[in-house]
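One structure is given below, encoded as structure tokens.
Note that the numbering runs from 1 along the sequence shown for the chain. No hydrogens, no waters, no symmetry mates; every other heavy atom, side chains included, goes into these values. Computed from a prediction, not measured in an experiment: that's the story for all the values here.
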Amino acid sequence: KSGDMSQGVLRVARHPFRTDNNGQTAGFVWTVRDITQQKLADQMRNQFVYSATHELRTPLANIKAYAETLARSEAMDVEKQKEFCNIINSEANRLARFIDDLLTISRMEAGALLLERHETDLERILEETVEKCRAQMDQKRVTFQAELPPKLPELHLDKDKFVVVLVNLIGNAAKYPPEGGKVTVQVEARDGQIQIHVIDTGIGISVEDLPRVFDKFFRSTDPRVQEQTGSGLGLSLAAEIVRLHGGRITVHSEINKGTKFTVVLPTQ
């Protein structure tokens, strides 16, 4: 069917082979090319342009609207002014994060994404990440639960970049559950490894989409995903950062039941 690339895309062309003595075509050469990868790349690029435009336009429109309201209002009380300023600041931060992701992806593709490792307290950066996502969870009344061992080993990480991994995973987990859903972070330390599980009770990922969730610019066509803001960069970026740390990231999901992302890192 139109637009379905699951079985591949072929380009078929016909070219005159030769002509007879009367100048009439006497035969043709048919060529068949598999252009599936090219079409998928075009589709992802078009989807990214659409998503990026939305991701930029929405916060810019909000900043403009609230700034204009502040500029015109002469009798707005101080608390309302603070609320509007906080919204403007939040939307500006959202823009900054998106631009940072674009720049990081660009460095990643150029092979210039380097790590600055230091001894890092994993429990502390988990707490910081949860606080970054707290407003998002509160908005949808999502319950958060952390299950950590009594003592975690110190990890040799690039803290700033690893926070990007956690923000993307926990932020996504908080984004897709229905109102009143649940997000759980479980951490296990065993066999010289740390395993971080981020589990949600959200809409899940279809079997067809699972192999592509870490592809750059990929976003599911599920309407429930499309109605949420996103660029399709976060999981790709998270997977690359985990790989640079010598680890791996996996995903298990069941549609309409939830998703579990697991990050595995060496402790040495």
**Asked** Mind checking what makes ring pair (Phe, Tyr, Trp, His ring centres under 6.0 Å) contact with F214, not counting sequence neighbours?
**Response** none
With rounding to the nearest 0.5 angstrom, report the [atom1] to [atom2] distance, [X] to [Y].
| X | Y | atom1 | atom2 | value |
| --- | --- | --- | --- | --- |
| K64 | E91 | NZ | CD | 15.0 Å |
| L210 | R212 | CG | CZ | 12.0 Å |
| H197 | H252 | NE2 | NE2 | 9.5 Å |
| E128 | E123 | CD | CD | 11.5 Å |
| M137 | E131 | CE | CD | 9.0 Å |
| I87 | Y66 | CD1 | OH | 3.5 Å |

Side-chain donor-acceptor pairs under 3.5 Å in residues 155-172, sequence neighbours left out?
from : atom 1 : to   : atom 2 : distance (Å)
D158 : OD1    : D160 : N      : 3.4
D158 : OD1    : K161 : N      : 3.2
D158 : OD2    : E116 : N      : 2.7
D158 : OD2    : K161 : NZ     : 3.2
K161 : NZ     : L114 : O      : 3.1
N168 : ND2    : V164 : O      : 2.9

**Message:** In the structure I gave you, are the side-chain heavy atoms of D34 and V9 within less than 4.5 Å of one another anywhere?
**Reply:** no
**Asked** Any side-chain heavy atom of D215 sitting closer than 4.5 Å to one from S236?
**Response** no
**Request:** Evaluate whether atom CZ of R33 has more than 12 neighbouring non-hydrogen atoms of other residues, nucleotides or ligands under 6.0 angstrom away.
**Result:** no
**Message:** Within a 6.0 Å radius of atom CD on Q139, are there more than 12 heavy atoms belonging to other residues, nucleotides or ligands?
**Reply:** no
**Message:** Checking Q186 against E188: is there a side-chain donor and acceptor pair closer than 3.5 Å?
**Reply:** no
Report yes or no: do [X] and [Y] belong to one cluster of Ile/Leu/Val/Met/Phe/Trp/Tyr joined by side chain heavy-atom distances under 4.5 Å?
| X | Y | answer |
| --- | --- | --- |
| L237 | V213 | yes |
| L115 | L122 | yes |
| L10 | W30 | yes |
| V263 | F144 | yes |
| V185 | V251 | yes |

**Asked** Can R124 and E127 be counted as an ion pair, charged N to O under 4.0 angstrom?
**Response** no
**Request:** Could you go through the salt bridge (Lys or Arg N to Asp or Glu O under 4.0 Å) check for E179 and R141 one step at a time?
**Result:** CA-CA 6 Å; E179 189 165 316; R141 293 190 294 176; 2.4 Å; yes
